[in-house]
Amino acid sequence: MYWVTPRHLAGDDGGLADQVSATLTGAGWSSWPTARSTLLHLSPDDLRGAEWVLASDPFQLGGLPVAWQVSARPHAASAMTEWNAYFTTGVPHEALADFLLALDARPDPAVGFDGPEAVLAALTAQGWIRDIDHPETTAADAGFSSSFTLCLLPPLIHDADPRPELVGWQAWAEPVLGAPYLWCATFSASTPHDLVAAFASSLASPVPVLRRVLPESAEGRLTLSPPS
């Protein structure tokens, strides 16, 4: 086991399901298996949901299968979610857990008031660099191995706003240019920017994380320290 930096290249240690489920259970969310062999978690007020969908052969982002789908509804009687966020395998579980804890703490999970600058400010506060050509929408880590951008979204990303050509946040890690992605995350257009900022801030945090299993694609870009 090692302490690993940077976090955004540390991978999920093979524990993305268990670690995130433990976070939600600790926050008082209920859970049960579904008929699709997924595991659904719901907040006590039934407004927030997180579903482990990997077993249901989900769609892919960046060539990777979606593992978690997170959503929020404006009220418990609503049949439609206001927004959805999708996370593939390989996402550092600490960042997803911090996103979910921010969602859990939010009085209104469906409506956001902050603008996209909240996300970029969270990243630059941790040393990420704004894109020269698109400083208002895009940032990358200093090693240019991970990126965050506000852009048109791929198909199958569901949002309550039906207007075409809406933009949302996408993030990914590409440790080696042209190699397969390590992980991807996509947030539908109505996802509150402050929640995306919580994920971004955790992802870019310089605080080391513990790992038993290291992603091969990030070899040479990780700093390892034995636990004291």
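Numbers here are sequence positions counted from 1.
Not one N or O on the side chain of Asp13 forms a donor-acceptor pair closer than 3.5 Å with the backbone of Gly15. Ser205 places a side-chain N or O within donor-acceptor distance of the main-chain N or O of Val207, the cut-off being under 3.5 Å. The main-chain N or O of Val53 is found under 3.5 Å from a side-chain atom of Ser56 such that the two form a donor-acceptor pair. Checking side-chain atoms of Trp183 against main-chain N and O of His8 turns up a donor-acceptor pair under 3.5 Å. Judged by distance alone, with hydrogens and angles left aside, the side-chain atoms of Thr124 form a donor-acceptor pair with the main-chain N or O of Ala121 at under 3.5 Å.
Atom OG of Ser147 sits about 10.5 Å away from atom CD1 of Ile129, to the nearest 0.5 Å. Taking NE2 of His75 as the start and CG of Asp108 as the end, the distance is 11.0 Å to the nearest 0.5 Å. Going from atom CG of Asp12 over to atom OG1 of Thr88 covers 8.5 Å, rounded to the nearest 0.5 Å. Here the CG-CZ distance, from Leu156 to Phe59, works out to 5.5 Å after rounding to the nearest 0.5 Å. Between the CG atom of Leu24 and the CG atom of Leu100 there is a distance of 5.0 Å, given to the nearest 0.5 Å.
A donor and an acceptor atom, one from each side chain of Asp18 and Ser21, are nowhere located under 3.5 Å apart. With no hydrogens or angles considered, a side-chain donor-acceptor pair links Trp29 and Asp104 at under 3.5 Å. Remark: the Ser188 side chain and the Asn84 side chain contain no N/O donor-acceptor pair separated by less than 3.5 Å. For the residue pair Thr149 / Thr138, a side-chain donor-acceptor distance below 3.5 Å is found, with atom types taken as modelled. In this structure, a donor-acceptor pair under 3.5 Å is present between the side chains of Ser202 and Asp98.
Between Asp133 and Asp131, the shortest heavy-atom contact is N-OD2, 2.9 Å. Minimum heavy-atom separation, Tyr86 to His158: OH-N, 3.1 Å. When all heavy atoms are compared, the tightest approach of Thr137 to Leu120 is N-CD1, 3.8 Å. When every heavy atom of Pro44 is checked against every heavy atom of Gly28, the shortest pair comes out as CG-O, 3.5 Å. In this structure, Ser217 and Pro175 approach most closely via the heavy-atom pair O-CB, 3.1 Å. What you find for Ala67 and Thr89 is that their closest heavy atoms are CB-N, 3.9 Å.
Taken together through direct or relayed side-chain contacts under 4.5 Å among Ile, Leu, Val, Met, Phe, Trp and Tyr, Val196 and Ile157 form parts of separate hydrophobic clusters. The hydrophobic cluster containing Val167 also contains Leu195, counting ILVMFWY residues as joined when their side-chain heavy atoms lie under 4.5 angstrom apart, directly or transitively. Follow the hydrophobic side-chain contacts under 4.5 Å out from Met1 and you reach Trp3 in the same cluster. Both Trp128 and Leu222 belong to a common hydrophobic cluster when Ile, Leu, Val, Met, Phe, Trp and Tyr are linked at side-chain heavy-atom distances under 4.5 angstrom. Under a hydrophobic-cluster definition in which Ile, Leu, Val, Met, Phe, Trp and Tyr are linked whenever side-chain heavy atoms come within less than 4.5 Å, directly or via other members, Val111 and Leu47 are assigned to different clusters.
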side-chain contact (heavy atoms from CB on, under 4.5 Å) between Ser145 and Leu9, intermediate numbers included: CA-CA 8 Å; Ser145 57; Leu9 296 181; 3.5 Å; yes

Check against side-chain hydrogen bond (donor to acceptor under 3.5 Å, both in side chains), Ser190 and Asp161: CA-CA 7 Å; Ser190 298; Asp161 192 329; 5.0 Å; no

Leu153 and Leu166: CA distance, side-chain angles, deciding distance, side-chain contact (heavy atoms from CB on, under 4.5 Å) verdict: CA-CA 7 Å; Leu153 298 176; Leu166 292 174; over 6 Å; no

Steps toward salt bridge (Lys or Arg N to Asp or Glu O under 4.0 Å) verdict (Glu216, Arg221): CA-CA 10 Å; Glu216 293 183 6; Arg221 287 182 171 266; over 6 Å; no

CA sep, side-chain torsions, deciding dist, call: Tyr181, Glu174, side-chain contact (heavy atoms from CB on, under 4.5 Å): CA-CA 5 Å; Tyr181 293 121; Glu174 187 180 15; 3.8 Å; yes

Arg36/Glu51 under side-chain contact (heavy atoms from CB on, under 4.5 Å): CA gap, chis, key distance, verdict: CA-CA 11 Å; Arg36 298 184 298 125; Glu51 189 172 7; 2.6 Å; yes

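Residues forming a side-chain hydrogen bond (donor to acceptor under 3.5 Å, both in side chains) with Thr186 (at least two apart in sequence, or on another chain): Gln170.
The only member of Thr191, Val91, Leu103, Val119 that meets side chain to side chain contact (heavy atoms under 4.5 Å, CB included) when paired with Phe199 is Val91. Remark: of the listed residues Val66, Val70, Leu64, Val70 is the sole one forming a side chain to side chain contact (heavy atoms under 4.5 Å, CB included) with Phe87. Considering Leu224, Thr5, Val4, Thr223 in turn, Thr5 is the only one that fulfils the side chain to side chain contact (heavy atoms under 4.5 Å, CB included) rule with Pro208. Glu94 pairs with exactly one of Leu203, Thr23, Val209 by the side chain to side chain contact (heavy atoms under 4.5 Å, CB included) rule, that one being Val209.
In this structure, the ring of Trp68 has its center less than 6.0 angstrom from the ring center of Trp52.
Glu136 CD: 12 or fewer foreign heavy atoms inside a 6.0 Å radius.
In this pair, Phe148 and Phe187 present their aromatic rings parallel. The plane angle is below 30°, not in the 30 to 60° band.
Between Asp46 and Arg73, no side-chain nitrogen of the basic residue sits less than 4.0 Å from a carboxylate oxygen of the acidic one, so the salt-bridge criterion is not met. Salt bridge status for Arg130 with Glu117: present, with a side-chain N to carboxylate O gap under 4.0 Å. A salt bridge between Glu82 and Arg48 is absent, with no side-chain N of the basic residue lying under 4.0 Å from a carboxylate O of the acidic one.
Within the 4.5 Å cutoff, the side chain of Pro116 has heavy atoms near those of the Trp169 side chain. Looking at Ser31 and Leu40, their side chains never come closer than 4.5 Å, going by heavy atoms from C-beta outward.
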